[in-house]
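Convention: sequence-line order gives letters A, B, ...; per-chain numbering from 1. When reading the values below, keep in mind they use all heavy atoms of this one structure, side chains included, and skip hydrogens, waters and symmetry mates.
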Amino acid sequence: MEFMSLEELNADQRIIDVIKKRGIERLNPVQTEAVKKGLMEGKRLLITSPTGSGKTLMAELGMISFLLKEGGKAVYVTPLRALTAEKYNTFKDWESLNFKVGMSSGDYDSDDEWLRNYDIIVTTYEKLDSLWRHKPSWLKDVNYFVLDEFHYLNDSDRGPVVESVAVRAKKKNILALSATISNYAKISSWLGADAVTTNWRPVPLKEGVIVQDRRKCQVIFQDNLTLTLNGSDAIIAYTLYTIEKGGQVLVFRNSRKMAETTARKIAAEMEKAPLNDKELLEVANRIKDVDDAGGNEKEELYNLSLKGVVFHHAGLSKGLREIIENAFRERKLKVIVATPTLAAGVNLPARVVIVGDMYRYNRKILGYQEEIPIMEYKQMSGRAGRPGYDDYGESLIVLRNKRDIEKIFEKYILSDPEPIESRLGNESSFYTFLLGILSTEGGLNKNEIYDYSHQTLLDREIVDDYLEKGISWLNENDFIEERDEKFRLTKFGRKVSDLYVNPFTAKTIRDYLSRAETSCELAYFHLLAYTPDGPSIGVSRAEQDQLIDEAYCPLFIDEPDDEDELYEYLSALKVALIVKDWIDEVDEDIILERYSIGSGDLRSIVETMDWLTYSGSHIAGVIEATEHSRKLEILNKRVKDGVKEDLIPLVQISGVGRKRARLLYNNKITTPEDIVMNPEKVKALLGQKIGEKIAKEAAKLIAGLH
DNA sequence: GATAGGTTGCTTTAGACAGCATGTC
DNA sequence: CTAAAGCAACCTATC
């Protein structure tokens, strides 16, 4: 274990100053090794090391020293919008060296060309992929790419994009950062990079299992240390044990419901725990005052937080999630019981991590529970141990059965994660990849497409197979055309690539719309939700029969016979009904109740349908289905803000949402002009301060139109 | 006859990226 | 292609 001093680093003094300002005195062993392997000289590296081993600083050293020497731009890519925002904030430190930092993702989006003003751009894999297709002028100035959380390459949904980005990025200088992977040698040689691999962690990790044995729980650590606790529930017993000793606990469960009930059970036992009621009351009030709709989860979280225990999953609104994460970081909340959301994502360590379930239901195969990937376990256990607070972290796997002990130790604790492999080997991903390269590169002949495709991680034979099929499929379906032996995107293909929708989504939309007359709102939503890009949502047994009755108008798609397809069809119908309620201005809490979804779910459905209505409208435009296009355009405006058509002019004003707009409209203020004309009335309706602000925004909007 | 506690049968099951216009976080 | 936990309705023992 070698720690390099900042003096030895031999870097520009301004770099040292920034690092020192953060309270960092020396480089840790991972960082030291990376520096020795040429990080500061712009050497191509693949760094695989555990969570919290200071990979971000390595990326910064790499980027900054490269920019100082070579000029140009650096792009830092992450798989999550939350990570993009987090990195953006840390990289702001480098503005003292006159490097301008920008970010671009679905959340915080900049105009493509505007990004030229930045030296460091933080973005997501999908956004970068999309940028490449739009070819903004500055992209050729980027000579350094940092590919963060590179193990996402192995994700079946998102991996293909990571790989496409890597294929393009590796033509330039790259630094790939990844969790520990077993086949790093193969990956680094594919990337043309040197590998830096260590298992060094800033806080040591003690792993073990905890087994339920009647009224007692047996804890067995890796180092053979054992411990017996009283209690008939292993999770509760060890959580209480940890809290008594002043630690925080992160519990993982594999369903939302279980996360909630486990949180309730722990909270019920918290009477004897040492809690700071004043702090918790303050947290509880933050939860109560959150201004995005929290649904009925809000009240429950309020009560739970008074006991220092909360649950956390994607059904929660963004505001609630943030409050919980911050309060845990502030060490006010003692326990979070979460679904896998918190395993990846932003940094949120705890002294103890309890992995409650080693199996997960597989939605594709009935009755089949698969063991969770080792990588996923490592991501969870990696959250154990807070630097500066804990001497070591503990990660415990809960076992229901004694005879699993050895197997679990062998598989999860003593082994490396599974190798990461290409996920491009299926029609949908590969065809998307082909569309992407033709979009970026312009016209290519067959040989050039071959060469390009062989840059992927995929085996040659598989590439060749999909290539033939892909080219003819894209050709037959009018995404591409052949001219002078070169393949180019058609107008339709170009549009699909720009919209960033899956080609199968585009084909579905085009095929149905081109042969049908216009239909009702519900039918459009249903069609969009039924595509591969549509939101998927669970449909309960009881809902299934009801859904068909609620479809009040003819849909574009006929009811399928196949059972699985029928489920997809009904799921899309449920999405359609939710979005229909949303644009009919049904109160948010009523929607959540009616469809038993969380407010986070509603937000994500609306977000996706916003994108898809926009895309649908433009696809209809290209195939000259003008009526469809016009209808979808109006729906898009309504979905964005959740309003009926008459409110569209009002919600264009920033600060005016569905509720304020309806209030104004009911009082005969129906346009931005009305607001400017009657500022006093607006103030009377919305309050002095808000009214004033909105009047200003309305004036700005009108000015912008002229 | 009320009630605590058990049994049976049925149901449900994680997460989160993308366009554009806006101002430029 | 190998399940498990929650929940409501019903059942049973006990006082």
Side-chain angles (χ1 to χ4, degrees), chain A residues 78-85 88-89 92 100-115 117-118 123-131 133-134 152 155 157-162 252-262 312-315 318 338-345 356-372 376 400 432 495-502 505 533 535-536 538-544 596 600-601 603-605 607-608 610-619 633 636-637 640 652-654 697 700-701 704:
Chain A
T78 87
L80 301 170
R81 303 202 282 222
L83 283 177
T84 298
Y88 169 79
N89 285 321
K92 279 265 169 185
K100 286 166 93 184
V101 186
M103 74 166 150
S104 185
S105 73
D107 277 343
Y108 266 151
D109 208 357
S110 295
D111 176 82
D112 290 358
E113 278 304 327
W114 180 265
L115 291 169
N117 297 314
Y118 301 108
T123 186
T124 57
Y125 283 101
E126 281 80 1
K127 186 68 194 184
L128 179 57
D129 189 19
S130 164
L131 283 168
R133 297 163 183 226
H134 288 88
Y152 263 75
D155 184 285
D157 296 326
R158 314 273 307 283
V161 184
V162 176
F252 287 103
R253 303 293 334 244
N254 65 1
S255 80
R256 292 180 183 184
K257 192 165 275 178
M258 286 201 283
E260 291 178 15
T261 46
T262 303
H312 181 294
H313 56 63
K318 212 172 151 195
T339 53
T341 352
L342 284 185
D357 312 86
M358 297 313 275
Y359 291 87
R360 186 166 37 235
Y361 165 79
N362 180 327
R363 57 186 76 192
K364 287 183 202 80
I365 305 160
L366 193 74
Y368 182 55
Q369 290 204 133
E370 54 200 356
E371 294 177 343
I372 60 168
E376 206 171 307
R400 312 278 182 290
T432 304
K495 189 49 103 180
V496 173
S497 170
D498 285 350
L499 292 167
Y500 207 68
V501 292
N502 182 307
T505 295
D533 283 319
S536 52
V539 184
S540 75
R541 191 106 224 161
E543 281 173 320
Q544 294 189 16
S596 25
D601 299 315
R603 280 258 50 99
S604 96
I605 289 170
E607 196 177 284
T608 306
D610 176 9
W611 166 52
L612 284 177
T613 44
Y614 180 88
S615 302
S617 159
H618 280 257
I619 288 168
E633 192 187 336
N636 175 245
K637 289 189 171 141
K640 241 185 208 354
Q652 304 311 311
I653 305 163
S654 122
E697 290 294 333
K700 223 155 93 185
L701 182 75

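Across the P atoms, dC7(C) and dA14(B) are found 14 Å apart, a figure rounded to whole Å.
With a 6.0 Å radius and a threshold of 12 heavy atoms from other residues, nucleotides or ligands, R603(A) has its CZ atom at or below the threshold.
Summarising the base pairing, dC20(B) is matched to no nucleotide, lacking a Watson-Crick or G-U wobble pair whose two defining distances lie under 3.5 Å. Shown here, dC25(B) forms no base pair; nothing in the strands shown gives a Watson-Crick or G-U wobble contact with both key distances under 3.5 Å.
One atom, CG of N117(A), and another, C1' of dG23(B), lie 13 Å apart when rounded to the nearest Å. Rounded to an integer number of Å, the gap from OH of Y368(A) to P of dC1(C) is 11 Å. With rounding to whole Å, K100(A) atom NZ is found 10 Å from dT24(B) atom C1'. Atom pair R400(A):CZ and dA5(C):C1' shows a separation of 9 Å (rounding to whole Å applied). The distance between atom CE of M258(A) and atom P of dC7(C), rounded to the nearest whole Å, is 11 Å.
Taking both residues in full, the closest heavy atoms of W611(A) and L499(A) are given as NE1-O, 3.2 Å, listed atom of the first, atom of the second, then distance. Contact between A314(A) and T341(A) at its shortest, heavy atoms only, is N-OG1, 4.2 Å.
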Just by protein heavy atoms under 4.0 Å, how would nucleotides 10-21 of chain B read 5' to 3' in B, S and -?
-SSBBBSBBBBB
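For the helix from dG1(B)-dC15(C) to dT13(B)-dA3(C), the angle separating the two terminal helix axes comes to 10°, with each axis derived from five pairs and the value rounded to 10°.
Nearest-nucleotide assignment on DNA chain C puts the 5′-proximal partner with Y359(A), out of T262(A) and Y359(A).
Looking at K257(A) and E260(A), no side-chain N of the basic residue comes within less than 4.0 Å of a carboxylate O on the acidic one, giving no salt bridge. A salt bridge is defined here as a Lys NZ or Arg NE, NH1 or NH2 lying under 4.0 Å from an Asp or Glu carboxylate O, and D357(A) with R253(A) meets this definition.
Residues T123(A) and S104(A) bring no donor and acceptor atom of their side chains to less than 3.5 Å of each other.
Interatomic distance, CG of D129(A) versus NE2 of H134(A), reported as 11.0 Å (0.5 Å rounding). Distance check, rounded to the nearest 0.5 Å: OG of S110(A) to OH of Y118(A) gives 5.0 Å.
Contacts of D107(A) classified as side-chain contact (heavy atoms from CB on, under 4.5 Å), with partners at least two apart in sequence or in another chain: R81(A), S105(A), K318(A).
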